[in-house]
Amino acid sequence: IPSGEGVPILRGALTDIFVTSQTGHMDPESLAASEFKHRYDSYRPLLYLTHWVEFHLAGYGPPPTAMMHGINVLLGALTALMALVVSRRLCPGPWQAVLAAALVGLHPLVVEPVSYISARGDIMSVLFALISTWALMRSVDARGRPIRSAALALGACAALMLSLLSKETAIAIIGAWATMALVLGPWRAWAVRLLPLALTLVLYMALRTAALGTSQAGISGAVLPGAAWELPGQILRYFMLVLFPFVLSTERLHDPAYDLPGVLALALAAAALIFLWLRSPRPRGPAALALVGGAWFCCNLAPCAIAVAETRVLSDRYVYLSLVGFGWLAAGLWEMVAPRSLPVRRLVQGAAALWALMFLFVSHNQVGTWRDNEQLYTNAVKMEPRSSMAYYRLGYVRAMDGRWPEAAGLFAKAIELNSHNISAHNNLGTTYLRLGRLKEARSVLVRALRVTPKQNYRGWFNLGSVYNAMGDQARACIMIRRALA
């Protein structure tokens, strides 16, 4: 944690007033009102272990930024290499495998997990999930050599556990593997190896429950129906973002307008792919590759539906594991519908090359938005002007720089977009206090406390500080007692 010296918000007489961030505002009642994520979704001990190692390598101080980013870039490169290795076992030719690996390594949607240091869990989870898939496929191929096959199957289980301990990204990958079993065969050989992998998932949930407790380790049943309905729309939206990645933002909001079209599109696409596979003369031909790719893309997006149901935000990093499946889907469809005329094929391939160059250009520009928080959240406001959290986070950055009038306007806009954004209320009240606008500060904080009167201790403390500044020490003491209670 860097020193607070020189940070304007931590200077002055009222140094105990918090301008809260998402991770710092953990009052249960305020979390529910603000629609923040809960802490229990962060059971990621392997990810935290890497940060612990960095901390010790840096001499028990903040690790150098270059070192942390360098590790992310290295892990991202290894993930792309592993995507190439897995794809070579599935794809009919080298260029299809290169396409899948290039999507995982260079697509603009990958910029977030690689550039965002705290998103390292996504990279690690995808890397180990691909290693597990490779070991599983090798185990099936080596079924005539029992010892080698068993060792590879055990390695697949170990890699899956490492993936889940990094982040729960691959929690639904067994659905993609089941599709591979049915399509690629022999299904009995796959089934024997999928059973211990399913037990690995059970063991992971048991570890999670032991660490966090029963009430916090699972998923609320109330969330599941809505998440299941919204998932096809999210799959459709991510599919469009993979094709046309021009609106990238850390605060991309869920759009209900995609829900019904997503259900219809997913049903039609699944029916078409299954029909093409059943009619294909080659069991492991292009139709099989397309079906496996489609199942991989959809199954590995399923966990994001829970996160989106809680936060209403579709982050770029949620599609990271699914990108390799998109590459397989595209390669399989191309082989099925590609024109036989060589000049036409060259023309289409040239268009694909231009498409790839466009991706590189967009990725290069996207890296710039992650230069600092100012750039990141300014871009978020520009790309998603309906997001209350985008304005809140940019306001927080401006407040940390002591730019109080600008911060006040951004916090007010955040409240206008979402009246239940309790952190924005608290921080707007704090900002008005810093500006000497005491009556406005009191009004904002009173509104916040009407929403979360029981556990919003920061709101009570801030309101007490306002009364103290107004010269009403008696009320100030009452408010601060409520905060301490």
Side-chain angles (χ1 to χ4, degrees), residues 39-54 71-72 74-76 78-83 85-86 89 104 113 118-143 147-181 189-214 216-219 295-296 299-304 306-307 317-318 320-322 324-325:
R39 284 182 290 183
Y40 63 69
D41 74 340
S42 296
Y43 178 61
R44 299 159 190 174
L46 191 58
L47 167 64
Y48 302 145
L49 177 62
T50 68
H51 293 314
W52 180 85
V53 171
E54 289 172 327
I71 292 173
N72 273 27
L74 176 61
L75 289 171
L78 291 174
T79 302
L81 179 61
M82 202 64 225
V85 171
V86 173
R89 301 192 65 82
V104 174
S118 64
R120 180 182 299 166
D122 294 87
I123 312 176
M124 295 171 60
S125 180
V126 173
L127 174 60
F128 287 119
L130 289 172
I131 292 173
S132 182
T133 303
W134 171 83
L136 173 61
M137 296 172 68
R138 289 291 303 273
S139 177
V140 172
D141 292 343
R143 57 188 178 276
I147 296 178
R148 180 179 178 83
S149 180
L152 287 165
L154 183 62
C157 293
L160 176 60
M161 180 60 77
L162 292 174
S163 173
L164 295 169
L165 293 177
S166 300
K167 189 179 178 181
E168 56 280 0
T169 303
I171 196 72
I173 196 173
I174 199 159
W177 288 338
T179 304
M180 296 171 76
W190 280 84
V192 169
R193 289 154 182 83
L194 287 178
L195 180 59
L197 288 165
L199 293 176
T200 301
L201 291 174
V202 173
L203 176 60
Y204 164 74
M205 290 304 300
L207 290 172
R208 184 185 179 98
T209 302
L212 303 176
T214 305
Q216 293 186 325
I219 298 169
W296 183 281
C299 288
N300 288 307
L301 276 175
C304 84
I306 304 300
R317 60 186 180 274
Y318 294 160
Y320 193 19
L321 180 56
S322 293
V324 66

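Along the sequence shown, residues are numbered consecutively beginning with 1. Quick caveat, the model's predicted, so the values are computed rather than measured.
Summarising the geometry of Val324 relative to Ala83, their closest heavy-atom pair is CG2-CB, 4.2 Å, with the distance given to 0.1 Å. Closest of all the heavy-atom pairs between Ala142 and Leu152 is CB-CD1, 4.4 Å. Residues Val140 and Trp190 share a closest heavy-atom pair of CG1-NE1, 3.6 Å. In this structure, Ala156 and Ser132 approach most closely via the heavy-atom pair O-OG, 2.7 Å. The minimum heavy-atom distance linking Leu194 with Ala178 is given by the pair CD1-CA, 4.0 Å.
Once rounded to the nearest 0.5 Å, the distance linking CD1 of Ile174 with OG1 of Thr200 reads 8.5 Å. Residue Lys167 holds its NZ atom at 13.5 Å from CZ of Arg120, rounded to the nearest 0.5 Å. Once rounded to the nearest 0.5 Å, the distance linking CD of Glu54 with CG of Leu49 reads 10.0 Å.
Side-chain contact check for Arg208 and Tyr204: at least one donor-acceptor pair (N or O, by modelled atom type) lies under 3.5 Å.
Remark: Trp177 engages no residue in a ring-ring contact (aromatic ring centres under 6.0 Å, His included) (not counting sequence neighbours).
A donor-acceptor distance shorter than 3.5 angstrom exists from the side chain of Trp296 to the backbone of Leu321, with no hydrogens or angles considered. Of the possible donor and acceptor atoms, none in the side chain of Arg89 sits under 3.5 Å from a partner among the backbone N and O of Val85. With hydrogens and angles disregarded, no donor-acceptor distance shorter than 3.5 Å links the side chain of Ser139 to the backbone of Ala135.
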List the atom pairs, donor and acceptor, that lie under 3.5 Å between side-chain atoms in residues 158-165 and the rest of the protein, sequence neighbours left out.
from, atom 1, to, atom 2, distance (Å)
Ser163, OG, Ser125, O, 2.7
Ser163, OG, Ser125, OG, 3.0

| task | Assess whether side-chain hydrogen bond (donor to acceptor under 3.5 Å, both in side chains) is satisfied between Thr169 and Arg317, documenting all intermediate values. | result | CA-CA 10 Å; Thr169 303; Arg317 60 186 180 274; over 6 Å; no
